[in-house]
Amino acid sequence: STAQIGVTGLAVMGRNLARNLARHGYAVAVHNRSHARTRSLVDEHGGEGVFVPAESMADFVAALERPRKVVVMVKAGGPTDAVIDELIPLLEPGDIVVDAGNAHFPDTRRREAELKKHGLHFVGTGVSGGEEGALNGPSIMPGGSKESYAALGPILEDIAAQVDGEPCCAHVGPDGAGHFVKMVHNGIEYADMQLIAEAYDLLRQGLGASAAEIAGIFAEWNTGDLESYLIEITAQVLAHTDAETGAAFVDVVLDQAEQKGTGRWTVQNGLDLGVPITGIAEATFARALSGSVPQRAAAAGVLPASTEEWAVPAGDRDAFVEDVRLALYASKVVAYSQGFDQIAAASEEFGWDIDRGEVARIWRGGCIIRARFLNRITEAYQRDADLPLLLADEYFTGAVGNGVAAWRRVVSEAALHGVPVPAFASSLAYYDGVRAERLPAALIQAQRDFFGAHTYRRVDRDGVFHTEWSGDRAEEKR
Ligand code: NDP
């Protein structure tokens, strides 16, 4: 046995992860179903470190030091099961199988339970950062047992992104916790992107500004509280000109957003757990709306708008830009706060004991949502690990509080001028809902009791009550 770790599945992600490991001095066994990929990896990058290529899965496993550490980086779903089934008879108790693909967390829970029966550790691991991250340092979110992390963690921490001398990798929790957190990461990514897109649209329509001018605004924003990878690349995209037409690149791209499905998983789980992740849901539905081609064709130019032409007056332009910035920041805090609530709820539901401050910490580098403000989230959970609402942390009440008036102005202006801002608006509605001392949910309960005898509780007495709506409307205690 000559390799410290192995990677099977050498498409773009696995290949780059293997190179990252080799560059960090690990001898890496490499394998792929079709051997051509293995060969090309060794031919093109063999000089970067020690690769031990294997043509068969048996040779691949035989090349590994014990306890064996096998990273599976194949297409999520059936292919992952196929590879695991092939590995099981070749492995021995104590060996560790790492699924670094984008598995759905219930699959990870199932696989972990199955491998445990064979005495094997299964580590479902979120990896974020795309191909560039895989090569140069991703954010890594491993689940699985503490024991497996003790053996595997140091290697993963070595190849992860590093921020302020700390690796963007930590043991998230048992079984599916790592893939769950990766799923929420992707959901938050959807929300963040949608919010940025809405800010762009407001600036474009309100100011009548060009894409290039807005690129400058985003570049400026990237020097402050909003500093993040997504803001940075937005500035770059908006500054880009299409080579063929000379038009702003963003204007030649078809306006139908696609998705691979992790946003949908996040929203489905939010519904399952009863956690209002409205920012992520609006972002996912906004993509769906953009792709609703027949509906859009039926509505465009047909549905009355009853709006006025919009042109922010010259003297108000800087103030408007600042309002949009504040509204973006506040909405973003809401989306993250909701995502962290979802993590807390799942942690409770599945007994994962996830440290949310650590999650924010390992998202600071390598991944798509890396941002300066994740430090503020880590600090908030350091102040109170059981914080019931991120928004209610003293830092965020101040930071969001500063922007509330601006946020209201922006959402009102958008409504008045017919600019769709579903994520801005629903984040503000969430903010007002969660801070309300009394909600009209009381009326919902009364209605439910009226038509379905679903009962209600009272503000002034304990117990469960029903009113005889169809009779004398007397109240009885249930
Ligand atoms: P793909 O998802 O395109 O998967 C291709 C790889 O899977 C190839 O190595 C292929 O082998 C292998 N494969 C497919 N079916 C089987 C099978 N039945 N048995 C054995 N091997 C099979 O590759 P990516 O590199 O893009 O992604 C790998 C994983 O990482 C996925 O789960 C993806 O969701 C996840 N991921 C991807 C990111 C990205 O930015 N691309 C970011 C983070 C995670 P062969 O060459 O023989 O066809």
Side-chain angles (χ1 to χ4, degrees), residues 6-21 28-45 51 53-61 70-88 90 97-108 111 122-143 156 159-161 168-169 176 178-190 193 229-230 233 258-266 362-363 365-370:
V7 178
T8 178
L10 301 174
V12 54
M13 290 296 288
R15 179 187 178 93
N16 281 357
L17 213 58
R19 290 173 62 195
N20 186 350
L21 285 160
V28 193
V30 284
H31 171 266
N32 191 70
R33 176 178 62 177
S34 45
H35 191 57
R37 283 198 205 268
T38 313
R39 237 184 346 253
S40 93
L41 166 60
V42 176
D43 287 351
E44 289 164 39
H45 304 288
F51 293 100
E55 200 157 346
S56 72
M57 194 66 103
D59 289 349
F60 169 70
V61 168
V70 180
V71 179
V72 179
M73 203 35 152
V74 300
K75 208 179 262 308
T80 303
D81 283 317
V83 170
I84 292 171
D85 288 346
E86 204 181 339
L87 279 167
I88 289 174
L90 300 170
V97 177
V98 183
D99 175 14
N102 261 339
H104 195 196
F105 79 96
D107 288 337
T108 304
R111 289 171 184 144
F122 185 71
V123 180
T125 299
V127 177
S128 176
E131 45 186 294
E132 208 275 334
L135 183 61
N136 297 317
S139 171
I140 308 182
M141 300 152 242
L156 298 182
I159 64 160
C168 293
C169 172
H179 276 138
F180 184 89
V181 161
K182 171 70 199 299
M183 179 190 78
V184 175
H185 164 285
N186 285 29
I188 290 175
E189 177 185 311
Y190 274 53
M193 291 168 70
Y229 172 72
L230 283 170
I233 67 164
E258 296 177 9
Q259 46 188 313
K260 288 210 275 183
T262 41
R264 183 173 62 234
W265 288 347
T266 316
I362 66 176
W363 286 349
C367 63
I368 307 299
I369 64 171
R370 60 186 183 259

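Indexing begins at 1, ligand by ligand and atom by atom, following the structure's order.
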Enumerated ligand 1 atoms positioned under 4.0 Å from heavy atoms of [X]:
{"X": "Asn32", "answer": "8 (C), 9 (O), 11 (O), 45 (P), 46 (O), 47 (O)"}
{"X": "Gly101", "answer": "29 (C), 30 (O), 32 (O), 35 (C)"}
{"X": "Ser34", "answer": "45 (P), 46 (O), 47 (O)"}

*Check whether any N or O atom of Lys75, backbone or side chain, sits under 3.5 Å from an N or O atom of ligand 1, and answer yes or no.*
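N/O-N/O distance under 3.5 Å: yes.
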
*Would you say Lys182 and ligand 1 have an N/O pair spaced under 3.5 Å apart?*
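Lys182 vs ligand 1: no N/O contact under 3.5 Å.
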
Side-chain ([X]) to main-chain ([Y]) donor-acceptor, under 3.5 angstrom:
{"X": "Thr125", "Y": "His179", "result": "no"}
{"X": "Arg370", "Y": "Cys367", "result": "yes"}
{"X": "Asn16", "Y": "Glu131", "result": "yes"}
{"X": "Asn32", "Y": "Thr38", "result": "no"}

*May I ask you to decide if the ring planes of Trp265 and His104 are parallel, tilted or perpendicular, using 30° and 60° as cut-offs?*
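Rings of Trp265 and His104: parallel, under 30°.
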
Would you indicate which of [options] comes nearest to [atom] when only heavy atoms are counted?
{"atom": "atom 33 (C) of ligand 1", "options": "Asn102, Val12, Asp81", "answer": "Asn102"}
{"atom": "atom 28 (C) of ligand 1", "options": "Lys260, Glu86, Met73", "answer": "Met73"}
{"atom": "atom 37 (C) of ligand 1", "options": "Arg15, Met13, His35", "answer": "Met13"}

*Indicate, as side chain, backbone, both or neither, the part of Val83 found under 4.0 angstrom from ligand 1 when only non-hydrogen atoms are considered.*
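For Val83, the contact with ligand 1 is made by the side chain alone.
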
*At under 4.0 Å between heavy atoms, which part of Val74 makes contact with ligand 1: side chain, backbone, both or neither?*
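Contact part for Val74 vs ligand 1: both backbone and side chain.
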
